[in-house]
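Contents: one structure, followed by commentary.
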Protein chains: 2
Amino acid sequence: VKAAVLGAGNWGTTFAQVLCDAGTETVLYARDPEVADEITSRHSNERYLPGIPLTPALSATSEIGVALDGASVVALAVPAQKLRPLLREWTPLIPRDALLVSLMKGIEHDTCQRMSEVIVSALDVPAARVAVVSGPNLAPEIARREIAATVVACSDASGTAALQKSCHAPYFRPYTDDDVAGCELSGAAKNVIAIAVGMAVGLGLGDNTKATLITRGLAEIGRLGAAMGARARTFAGLAGMGDLVATCSSPLSRNRSFGALLGSGVPVDEALSRMSQTAEGPASCEPLLTLSKRYGAEMPITAVVAQVLRNNLTVKEAAVVLASRSAKPEWYDTDGV
Amino acid sequence: VKAAVLGAGNWGTTFAQVLCDAGTETVLYARDPEVADEITSRHSNERYLPGIPLTPALSATSEIGVALDGASVVALAVPAQKLRPLLREWTPLIPRDALLVSLMKGIEHDTCQRMSEVIVSALDVPAARVAVVSGPNLAPEIARREIAATVVACSDASGTAALQKSCHAPYFRPYTDDDVAGCELSGAAKNVIAIAVGMAVGLGLGDNTKATLITRGLAEIGRLGAAMGARARTFAGLAGMGDLVATCSSPLSRNRSFGALLGSGVPVDEALSRMSQTAEGPASCEPLLTLSKRYGAEMPITAVVAQVLRNNLTVKEAAVVLASRSAKPEWYDTDGV
């Protein structure tokens, strides 16, 4: 097995190291030749994982053909909104029959598609060849080889088994599942909830408010998932609640940090421009809202965040709405969870 | 309506202020005359809510008869293991037909009873006269009048309605429910999970590990609840996930702080003696484990914490067991949630 990881942001770099530590031969593709060179020769990625030494077993390249040559596992870790054009470019170089793995957590803006759906449609491959990795996986902690668990999901059991084997490192424990849609919806939607929690943090609200937002947030994510046919237990598991709690608890989370900027009074445009790496929540917010309307699943927190991002609501007005709404209907879901 | 709150720890004092702010005439009982006097005349409780000014509307007394005289709502906020003997003492003074409200989150050691069950059996009253309050309610935040929501539960709808009305303050939003057992099990069991999270914090583990423990913790609490006939949605709501996330996230949590002391190498006995106010988790751990065996619901995290408290396992050994187990079976529950 040779794996290629495409995208050398903090999670792409970290997952490539996990693959190496699991004994899988891995090449990381970085668009920037200097980043590729730094990873290969100095074993670090100071821009995205400052101060963290990487394994010497990991080599990187800025030549996409070199990265993809002979790869049987191709993991994608590029910004969600850039995935489709990049895949179009890379199509001829992607080995036939490779397992395509999405490490991304977003929803495509124009199509409302999940990342695995974008891969299927852009590459015209069967869904059985596409897998996802999702869980409470803050990259810097895993890059430092702190213990973590995740979920690897694919509709095809041989795909999950191959992926599980290729990334099972001593400190990284992948559990298998087949609910690809549930894992992806959780992963994308939790970023929007993290923005709301960040806003609360920026406004100086406390842990009671945060916990209430997280709880109501999971309820609305689960509501959308149920309406779209995902499995309820996925939302209660590591890829659902686990990922949500980790993201909303950690100052390392980009989406929470983005929300905290808004909460402390920074305008939306300026907060966006201050992010050194793409926070997926802002771009996924509108497509999630579109899905929630299409499937008739109420998502009050997501709707409020969308209003703030459109500059239709100030953060303080949002807080008032969220405080009065977020916990309002303990149970108005179809059948409770 | 006159309310009596018995017990002037941080949550008893805070809830008494919530009742006052909701327009309910309230007397707080403090065992120590000096504490009662400080609350009444200086409007503070420096021992349990340092630096927080209390409403002048709140008066306290150290005479239990004065506190209970004419009370139609009697809220109990004493250490869980002391509830039964105190109720025996107070029985003749408790007004007939008063609504008895448990603010406590524990399981009685010898009987494995929830607090509402102890009230029913000690006072020989019908369960319909006993209500509970449970949610993401870190006392110091609410004492500072930061926005929070909670669940008030009683098997009798008129009981929940009365309680909801008496404590609905501008910053404190109570939702009604009838799953008393589910709320109480969540409230008690989450304290043990908070000890485990505290241990992880003390050992220097990160947010991925914490989120994994919280997720697996809710799964095992829900497993016990399902086996005991509580409603699944309670565990996904504010009294379940909400309370768990708030407690496990906050340095203000006593049980998490207790766990953090263990994690940083303090022996069990010394950590217990360092707590200025009762942490309910340590005493509730064994009865929860007994219940888990009685009802056939596996609770691996609770079992590991119990081993540590018995000095049968070091914290480092516990971490190894938890790391390998806490996320192990994504789904081995009866039917998944």
Side-chain angles (χ1 to χ4, degrees), chain A residues 135-138 140-142 144 146-151 171 173 175-177 204-212 214-216 218-219 222 231-253 319 323-324 326-331 333 335-337, chain B residues 135-138 140-142 144 146-151 171 173 175-177 204-212 214-216 218-219 222 231-253 319 323-324 326-331 333 335-337:
Chain A
N137 296 155
L138 296 157
E141 293 187 4
I142 296 174
R144 281 190 290 266
E146 293 179 20
I147 286 168
T150 200
V151 176
Y171 56 87
R173 182 182 285 259
Y175 296 99
T176 58
D177 199 3
L205 298 172
D207 282 311
N208 291 334
T209 303
K210 277 188 270 175
T212 299
I214 292 170
T215 304
R216 299 311 304 157
L218 187 60
R231 211 182 277 137
R233 72 178 193 191
T234 302
F235 301 95
L238 291 176
M241 177 175 164
D243 188 10
L244 176 69
V245 169
T247 302
C248 293
S249 303
S250 173
L252 301 174
S253 154
S324 60
S326 64
K328 193 169 194 175
E330 251 284 72
W331 300 108
D333 322 54
D335 55 357
V337 179
Chain B
N137 297 155
L138 295 157
E141 293 187 3
I142 296 175
R144 282 190 290 265
E146 292 178 20
I147 287 168
T150 200
V151 176
Y171 57 88
R173 183 181 284 259
Y175 297 100
T176 58
D177 199 2
L205 299 171
D207 281 312
N208 292 334
T209 302
K210 276 188 271 177
T212 300
I214 292 170
T215 304
R216 298 310 305 156
L218 187 60
R231 212 182 275 136
R233 72 177 194 193
T234 302
F235 301 95
L238 292 177
M241 177 175 165
D243 188 9
L244 176 70
V245 169
T247 302
C248 292
S249 303
S250 172
L252 301 174
S253 154
S324 60
S326 63
K328 192 167 194 175
E330 250 284 74
W331 300 110
D333 321 53
D335 55 356
V337 179

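Hydrogens, waters and symmetry mates play no part in the numbers below; they use all other heavy atoms, side chains included. Residue numbers begin at 1 in each chain, while the letters A, B, ... track the order of the sequences.
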### Task
Please report the closest heavy-atom contact between G242(A) and A211(B), naming both atoms and the distance.
O-CB, 3.4 Å
### Summary
L205(A) and E146(B) have their tightest heavy-atom pair at C-OE1, 4.4 Å
### Query
Atom CG in N208(A), atom CD1 in I147(B): separation rounded to 0.5 Å?
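Between N208(A) CG and I147(B) CD1, I get 11.0 Å after rounding to 0.5 Å.
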## Note on the structure
Here the gap from R173(A) atom CZ to T212(B) atom OG1, rounded to the nearest 0.5 Å, amounts to 11.0 Å
### Task
Under 4.5 Å heavy-atom distance to chain B, tell me which part of L252(A) shows up: side chain, backbone, both or neither.
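When you check distances to chain B, no heavy atom of L252(A) falls under 4.5 Å.
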#### Entry: Residue pair D207(B) / E141(A), side-chain heavy-atom distance below 4.5 Å
yes
### Top contributor to chain A interface from G240(B), S249(B), G204(B), A148(B) [non-hydrogen pairs under 4.5 Å]
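Going by pairs under 4.5 Å, I would pick S249(B).
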